[in-house]
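Here is the structure we will look at, set down as structure tokens.
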Amino acid sequence: MKIASYNVNSLRAREARVLAWLAKEAPDVLCLQELKLEEEKFPHLEIAALGYKAAVYGQKTYNGVAILSRHELTDVERGFGDGADDPQARFIAATTGGVRVMCAYMPNGESPSSDKYAYKLAWFDRLTRWLAPRLAGGSGAGRALLLGDYNVAPTDLDVHDPAAWAGSALCSAPERAAFQGLLDLGLVDTFRALHPEEKAFSWWDYRMLGFPKNRGLRIDHVLVTRDLMPRLTAAWIDRAERKGKQPSDHAPVLVELSDT
DNA sequence: ATGTCTCAGGGACTGAGA
């Protein structure tokens, strides 16, 4: 079972490219972030033509997430349902192919002095509180994945120039602590588990020749429950998808799980 | 070197967000 996550930075601007990637890569499940459109504008027909069902949580202009799957999608949850009155569409979960898939677009945070940074830390706290009871037990609790654009580089190994990024949003200690808080719930960073020493990135700034100079960060992650780890056979970043004409600023990240 | 991309509003460009 191949499961992928891809921040597309506008599905409208990237539709042909994303559909071509989906057809070529043929994952069982694909989580999308930064759709930047309402569900009414989601290309349901084109996605269905490739053999996928879709659960969408959209929003005009910003944010927006979706889960695509070759299998049925059940028990769809949009947002945390925690009464926070948050209009930002950043989280969707569904059960498919025998696993619980949770797709997230974490806030960027801008800079530690920004209101957006406080929102980011609060959002991680809401996610952690939402997740804790769901991973604590019950049927299926042990077979779950949390994947998406975390907007956090967990360690300096995930940063092209740690000194330049020290203390900045995406790399600051409180954000890394929030990321660790998710691991403490019993989740594992799949890429790092299989590639403990590898310096690899999933996002490169459009500016300053970020990609040609490989000045990137690893901020897109596939976390899985410890119960799923014995099934994990591969975890990788599709760096080639960041090349070519009109790419997203992110590359897709993927994992392969054996069937049993 | 605040250097790119995307969107909305409004109908050319500016500002926001990343």
Side-chain angles (χ1 to χ4, degrees), chain A residues 5-21 31-43 46 56-66 79 84 86-92 103-124 127 147-154 158-172 174-176 178-179 201-221 237-253:
Chain A
S5 175
Y6 189 0
N7 179 323
V8 296
N9 184 20
S10 170
L11 186 54
R12 215 171 338 184
R14 215 77 56 209
E15 181 176 328
R17 191 180 178 117
V18 172
L19 290 174
W21 186 83
C31 293
L32 299 174
Q33 301 90 35
E34 282 210 85
L35 305 176
K36 296 188 174 180
L37 47 73
E38 295 165 294
E39 176 160 15
E40 300 78 70
K41 307 220 169 153
F42 187 86
E46 293 81 353
V56 180
Y57 186 27
Q59 176 190 340
K60 191 178 174 184
T61 312
Y62 301 120
N63 309 311
V65 287
D86 185 350
Q88 301 191 33
R90 295 180 172 276
F91 186 80
I92 187 168
C103 169
Y105 173 46
M106 283 67 166
N108 174 283
E110 191 176 49
S111 76
S113 59
S114 166
D115 291 346
K116 300 191 195 80
Y117 182 86
Y119 171 78
K120 180 179 193 173
L121 294 181
W123 198 93
F124 267 90
L127 169 62
L147 56 172
D149 176 2
Y150 285 69
N151 270 314
V152 176
D158 305 306
V159 182
H160 68 91
D161 184 348
W165 279 87
S168 301
L170 316 199
C171 297
S172 72
E175 290 164 273
R176 287 176 169 176
F179 183 83
F201 310 129
S202 67
W203 169 86
W204 299 258
D205 201 310
Y206 282 126
R207 297 167 290 187
M208 300 180 285
L209 299 173
F211 186 71
K213 292 182 173 176
N214 198 28
R215 297 172 63 84
L217 304 176
R218 192 175 70 93
I219 57 175
D220 299 85
H221 308 295
I237 301 170
D238 186 3
R239 198 176 187 285
E241 181 62 13
R242 181 60 174 76
K243 300 176 184 171
K245 255 189 115 169
Q246 295 182 309
S248 168
D249 44 354
H250 294 254
V253 296

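We use all heavy atoms of the structure for the numbers below, so side chains are in, but hydrogens, waters and symmetry mates are not.
- A gap of 24 Å separates the P atoms of B:dT2 and B:dC13, to the nearest Å.
- Judged as a salt bridge (Lys or Arg N to Asp or Glu O under 4.0 Å), and not counting sequence neighbours, A:Asp161 has no contacts.
- Take A:Phe91 and apply the ring pair (Phe, Tyr, Trp, His ring centres under 6.0 Å) test, not counting sequence neighbours, and it matches A:Phe80, A:Trp130.
- Between A:Asp220 atom CG and B:dA18 atom C1' there is a gap of 13 Å when expressed in whole angstrom units.
- Residues satisfying the side-chain hydrogen bond (donor to acceptor under 3.5 Å, both in side chains) criterion with A:Ser114, sequence neighbours excluded, are A:Glu110.
- Rounded to a whole angstrom, the distance from the P atom of B:dA1 to that of B:dA16 is 24 Å.
- Annotation: side-chain hydrogen bond (donor to acceptor under 3.5 Å, both in side chains) contacts of A:Ser202 (sequence neighbours excluded): A:Asp220.
- Side-chain polar atoms of A:Ser5 and A:Gln33 form a donor-acceptor pair below 3.5 angstrom.
- Computed from coordinates, the A:Asn151 CG to B:dG17 P distance equals 15 Å when rounded to whole Å.
- B:dG3 sits 23 Å from B:dA8 when the P atoms are compared, rounded to a whole Å.
- With sequence neighbours left out, A:Asn214 forms a side-chain hydrogen bond (donor to acceptor under 3.5 Å, both in side chains) with A:Trp204, A:Arg239.
- Rounded to whole Å, atom P of B:dA18 lies 11 Å from atom CG of A:Asn7.
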Please list each protein N or O that sits under 3.5 Å from an N or O in nucleotides 1-9 of chain B, with the distance.
residue : atom : partner  : partner atom : Å
B:dT4   : O4'  : A:Tyr206 : O            : 3.3
B:dT6   : OP1  : A:Arg14  : NH1          : 2.7
B:dT6   : OP1  : A:Arg14  : NH2          : 3.1
B:dT6   : O3'  : A:Ser10  : OG           : 3.2
B:dC7   : OP1  : A:Ser10  : OG           : 2.4

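- Near-neighbour residues of DNA chain B inside residues 103-110 of chain A, defined by a heavy atom below 4.0 Å, number-ordered: A:Tyr105, A:Asn108.
- In this structure A:Tyr105 satisfies the ring pair (Phe, Tyr, Trp, His ring centres under 6.0 Å) test with no other residue, sequence neighbours excluded.
- Residues satisfying the side-chain hydrogen bond (donor to acceptor under 3.5 Å, both in side chains) test with A:Ser111, not counting sequence neighbours, are A:Ser113.
- Across B:dC5 and B:dG10, the matching P atoms stand 26 Å from one another, rounded to whole Å.
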